[in-house]
Every structure is written in structure tokens, then in C-alpha cells.
> 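Here it is, the structure, as C-alpha cells.
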There are 2 protein chains.
Amino acid sequence: MKVGSTPTLTSKSSTLADDVFEQLRASIVKGELTPGSKINEPQLSKQHGISRGPLREAIRRLEGCKLVEIKPNVGANIVSLEIPQVIEIYEIRESLEGLASRLAALNASTEDCQKLRSLLTEHELHIHSQNGRRYYQREGDLDFHFQIVQLSRNSRLFDILCGELYHLMRMYRVQTANEPSRPVQAFKEHHQIVDAIEQGDGELAELLMNRHISTARKALLARLDAKPQTKFSENIDAGASAHQ
Amino acid sequence: MKVGSTPTLTSKSSTLADDVFEQLRASIVKGELTPGSKINEPQLSKQHGISRGPLREAIRRLEGCKLVEIKPNVGANIVSLEIPQVIEIYEIRESLEGLASRLAALNASTEDCQKLRSLLTEHELHIHSQNGRRYYQREGDLDFHFQIVQLSRNSRLFDILCGELYHLMRMYRVQTANEPSRPVQAFKEHHQIVDAIEQGDGELAELLMNRHISTARKALLARLDAKPQTKFSENIDAGASAHQ
DNA sequence: TAAGTAATTATTGTTGACAATATAGCCATG
DNA sequence: CATGGCTATATTGTCAACAATAATTACTTA
């Protein structure tokens, strides 16, 4: 076995466009690029030390993830998530992660289930400190869901949830520095879901995951009704305009 | 004061990248660009009379739709759908269109339902001719589903289904020049779904749509079990295809 | 002949410059 | 004072050339 070889050990050899895509995605999710703001191509390309060509390709990939919106001859804007749009995402998550849970129950081996358990117990260690609570809400929660999706063995499902929706979820959670929600209850529900998966009960796992996400969605809906705020309430009958 | 203004009346003013993206997407779905084949940038750019810059942006958009797969420093290949991957898509459609039907039942006005009805009756006119049957299977079917998704008023759901999955569905249906499936039965099921939506029964609409898509998925699964492996097996039991 | 290797070709990745469009600032005018 | 049009600026869209990498060919050697 040669030691000094493996030419690209530290610096992985991918294209500039792909690299800057990941950097930009991270920046957007972290909120370093503020939602709604405009992307200035010359500035960004100079910042990242690359030309505008690869940058534009990266932006097109971000558009595919729905992290930016491009208007021809005008430019790209960082997407800004309002509560109604987050509710839309929750509706989709409800369906899709229910499916993922059902499939996971069919596919998961005993080792897989053990892995899920250990993930949950690890989260349990963090959950008691305030710091840990935030960790659990922000990352641990999606980590768990991520594992479930992987167990579904549906690669396209994985793409949609982990390639798009979860990034948007993280972005929203960072935006609204809110937390606490109900970490203890959520934790219990996670365990119940693993129970169902462990027993190979796909239907139950699907139902439990549906309820789990539905709860969060309804909480969001309550917040929406509470503050009909800004911009004339769109919740009344927002869809009268049959666009397209 | 010049009068002959409105410069772009016939020619819509979008970017070259967006135009060629739509052209390429159509070519891929129609099968003009054969699945699995490689994309040659200089050749394609010359064919479309544009430079490689906008072309590469278009390819990146195609990657977002999962119509091509890009490998760094190698190039993009037209995606090739095998049955297992189509089954994955059906699983997702089942969940997502069930959701769409449920939401549509909540949102649809009487006019919306009339529109759905007229769409179905229009399809009924075509369904009797062999030609029409193919039309119904190929286009009419997805047209109906398209309308349901619009009625859900969930823009992100619309993006996923109509922006990605339906194009892949069309592509697959063109690839496998097969049909007939079961157009009459499917037609009945469509009417049942509209019934449920008309009555505002979201749960029923969801269940019916689930069953509707599930049937197609299971038929595909049967085909997968029938010929467990590699291509070149369709000539073995080709005796069943008496027609044509 | 087969296999490995070096040279050649083709294709992708990247860049900087140019053209087209939109944005802003300014001045004139009601 | 507000408004409309004009100029100037900035930004996006497009292109052609160059660099880097992969694919192919030709050649050498066992």
C-alpha cells in the first residue's frame, strides 16, 4: 500500500461550481446570506475568488434546490420563507416522511434499529441542558428524520427530502431563532416511531410519523392565525387568482 | 414619441439558457435524446446556435429536474429510467397526489369541479378510437392529475409533481411504447375522484387517488417480478404481444 | 498477439471581455 | 411639487479563447 499517494487527500477534486454551490448553500441555510436579499454576481465571484461562469452554474443549482429565485435580466434573490410557505413544506413532509417511515419499517434490519436507538439516546444526553435543547431541536431532530429517510431505500425520496426540504427547514429554524416547541414530547414520539419500525409495523410507523409532523404543522398554523400580520391576511382566500 | 413600441410582442424575452432548457427538456421527454446517451457540449451548442455558457446553465437546470446526471470532468448523461426507479416515483406520487387530492377537495369551487368534469368528458370523446386511447394514456391522464395538483394550491407540491415527476413519467411512457394498461378502469376511477372532490370529502379523495396510483405501481411491480433481470429478456415472453 | 505506456486528440472547466438590459439619478416641464 | 423622459451607471447575459482533465490512439515490449 502506497502511503504518499492519493493525490487529492485534503483537497477534494471537484469543480469550482460544485464547491461554491455547497458553500453558498451553507451560507444561505446559516442565514449569512439574508433572506430576500439580492445576489450580486461580480461581488460574490470576487469574494469566492472565482469567475462568474462557475458562479452562475452554482446559482442555477441553488435555484433547483429552491434556495434562490431567478428573474431573467434581473438576478437571483435569496428565498424568503414566510409561514404559509413553511406550512406547505410541512404538508409535504407529512406525506413523504409517512411514506418513508412505512418503507423503513419494511426494510430496517435489527442493526438499523439499534442505530436509531443509539441516535435517540445520544440526543437524550443533550436534551437536559438548555444548550442541548437547542441542539436537539435544530440538528438532532432532522438527523433522526434523515436516518428514517435513508432506511426507506427510495433514492428519489431521499433526494427530495434531504436535498431540498430539510435544507429549507434548517434555514427556517435559523431564521426564527425560536425554539423550544416541545422537545420532550417530540422525543417520546420519536421513540414510538422506532418501536413501530422495529416491529415491522409499517402502517403504524406511517401513522405515528404523520401525527408527529402534523403536530408541528398545526402549531405553525396557530401562529399564523394569531398574527395575521403584515400584508393583508393572505389566509382568507389567497387563491382566488387562478394563476397560470 | 415613437408608436411602434412594445418591442417583444411575438418573441418572448427570456434568456437563451432558459429557452434551450425547455427545448432540451422536451427533446429528452420525447426520446429524441436517447436515455443513457452522453451530452456533447460543443455539438449541442452548435446545434442550437448558442455558446457553451448558456448551454451549461441549461444542463444544470436539467440536473435539477433529474433529467440528466452530471459527473465532474466527464460530462452529463441523459437519465435512463429502469423499472425499479419508476416504482420509486410511483411510491412518491401515491403519497403526494393523495395529499393533493385531499387539499383539492378542500379548495375546489363548483367551477373548478365543472372544469374537471369537462376535462374528463373531453377525454371520453377520444377514448374510443385506438388513437385516442393512446392520447388518453399518454397525455390526458397526466393532464387530469395536473389539474388536481393545481387545485391543491400548494405551490411547492406543484413544483415537485409538475416540475419533476410528471416529466419523468412522460419520458418513461414514451420510452416504453407500451400502453394499454387499463384506460377504461382508470377513467372510472378519475370520475370517482372528482365525485369525492365535488363533495368536499378530502379523506375519500385521498384514499381513491392512493388506490388509483397504487394499482399502476403494482402492475409495474408484477412486470418487474415477471422479468427479474437484464434487458434482452423481453423477447422471451414476447408471445403475449400478439397485437401490432 | 496482448498488454502496458506514452503521445495525441477531444471534451470539460474556467476566464475575461463584450453586448444587452435594467436600475438610478438628473433635468426639464406641467 | 410631482411627473415624465433622458442620460449615465451598474448588473446581467453571452461569447470566444485558454487551461485542465479525460478519452483515444499509436507505439513499444514482453
Side-chain angles (χ1 to χ4, degrees), chain A residues 2 5-25 27-28 33-64 67-79, chain B residues 1-25 27-28 33-34 36-64 67-79:
Chain A
K2 331 160 188 186
S5 60
T6 59
T8 58
L9 206 155
T10 55
S11 70
K12 59 193 162 122
S13 69
S14 63
T15 76
L16 288 185
D18 290 339
D19 286 346
V20 75
F21 161 75
E22 290 177 12
Q23 290 175 28
L24 288 178
R25 184 174 62 181
S27 294
I28 294 173
L33 287 159
T34 58
S37 69
K38 191 173 174 318
I39 282 185
N40 188 314
E41 291 182 8
Q43 173 193 328
L44 252 191
S45 63
K46 207 159 281 183
Q47 240 169 1
H48 287 260
I50 65 172
S51 169
R52 276 180 57 219
L55 175 65
R56 284 173 67 87
E57 291 185 31
I59 292 174
R60 277 270 143 78
R61 286 196 64 186
L62 292 173
E63 184 191 24
L67 285 171
V68 306
E69 290 169 349
I70 301 179
K71 273 175 276 185
N73 291 315
V74 174
N77 287 327
I78 311 294
V79 77
Chain B
M1 52 178 89
K2 317 162 189 174
V3 184
S5 60
T6 59
T8 58
L9 206 154
T10 56
S11 71
K12 56 181 181 187
S13 68
S14 63
T15 76
L16 288 185
D18 291 338
D19 287 346
V20 76
F21 161 75
E22 289 177 13
Q23 290 175 28
L24 289 179
R25 184 174 61 182
S27 294
I28 294 173
L33 287 160
T34 59
S37 67
K38 191 173 174 320
I39 283 184
N40 189 316
E41 291 182 9
Q43 174 192 329
L44 253 191
S45 64
K46 210 159 274 183
Q47 243 170 4
H48 287 260
I50 65 173
S51 168
R52 278 179 56 218
L55 174 65
R56 284 173 66 89
E57 290 185 31
I59 292 175
R60 275 270 144 78
R61 286 196 63 186
L62 292 174
E63 183 192 24
L67 286 171
V68 306
E69 291 169 348
I70 301 179
K71 273 176 274 185
N73 290 316
V74 174
N77 288 326
I78 311 294
V79 77

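Proteins come first, then strands; the chains are lettered A, B, ... in the order of their sequence lines, and each starts at number 1. Note that these values count all heavy atoms, side chains included, but never hydrogens, waters or copies made by symmetry. All values derive from a computational prediction rather than experimental measurement.
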> Just the rounded figure in Å: distance from P of C:dG16 to CG of A:L16.
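After rounding, the reported distance stands at 12 Å.
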> Measure NZ/A:K46 against P/C:dT15 and give the value in whole Å, please.
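In whole Å, C:dT15 P and A:K46 NZ are 13 Å from each other.
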> Does D:dA23 have its OP1 or OP2 closer than 4.0 Å to a side-chain nitrogen or oxygen of B:K38?
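So the side chain of B:K38 is outside the cut-off, no N or O lying under 4.0 Å from OP1 or OP2 of D:dA23.
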> Please confirm whether the shortest side-chain N or O distance from B:N40 to OP1 or OP2 of C:dA10 is below 4.0 Å.
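So the side-chain polar atoms of B:N40 never come under 4.0 Å of the phosphate oxygens OP1 or OP2 of C:dA10.
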> To the nearest Å, how far apart are A:E41 CD and C:dG16 C1'?
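To the nearest whole Å, that distance equals 14 Å.
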> Would you call A:R60 and A:E63 a salt bridge, taking side-chain N to carboxylate O under 4.0 Å as the test?
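Result for this pair is yes, salt bridge flagged.
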> How many whole angstroms separate atom CG of B:D19 from atom P of D:dT14?
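B:D19 atom CG is separated from D:dT14 atom P by 8 Å.
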> Quickly work out the A:K71 NZ to D:dT12 C1' distance and round it to whole Å.
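A:K71 atom NZ is separated from D:dT12 atom C1' by 14 Å.
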> Can you check the A:E57 CD to C:dG13 P distance for me, whole Å?
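For the pair A:E57 CD and C:dG13 P, the rounded distance is 7 Å.
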> Does B:R52 place a side-chain N or O at less than 4.0 Å from the phosphate oxygens OP1/OP2 of C:dT12?
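Looking at the OP1 and OP2 atoms of C:dT12, neither is under 4.0 Å from any side-chain N or O of B:R52.
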> Looking only at side-chain N and O atoms, does B:N73 come under 4.0 Å of OP1 or OP2 in D:dA20?
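For D:dA20, neither OP1 nor OP2 has a side-chain N or O of B:N73 closer than 4.0 Å.
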> May I ask you to check whether over 12 heavy atoms, not counting those of B:K46, lie within 6.0 Å of atom NZ?
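Open.
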> Nearest to the side chain of A:V74, heavy atoms from C-beta on, is which of D:dC15, C:dA22, C:dT12?
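Side chain of A:V74 sits closest to C:dA22.
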> Give the minimum heavy-atom separation between B:L55 and B:I50, together with the two atoms involved.
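Closest approach of B:L55 to B:I50: N-CD1, 3.9 Å.
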> Output the rounded distance in Å from CD1 (B:I39) to P (C:dT12).
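After rounding, the reported distance stands at 9 Å.
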> Can you tell me the distance, in whole Å, between the CD atom of B:Q43 and the P atom of C:dT9?
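The distance from CD of B:Q43 to P of C:dT9 comes to 21 Å, rounded to the nearest Å.
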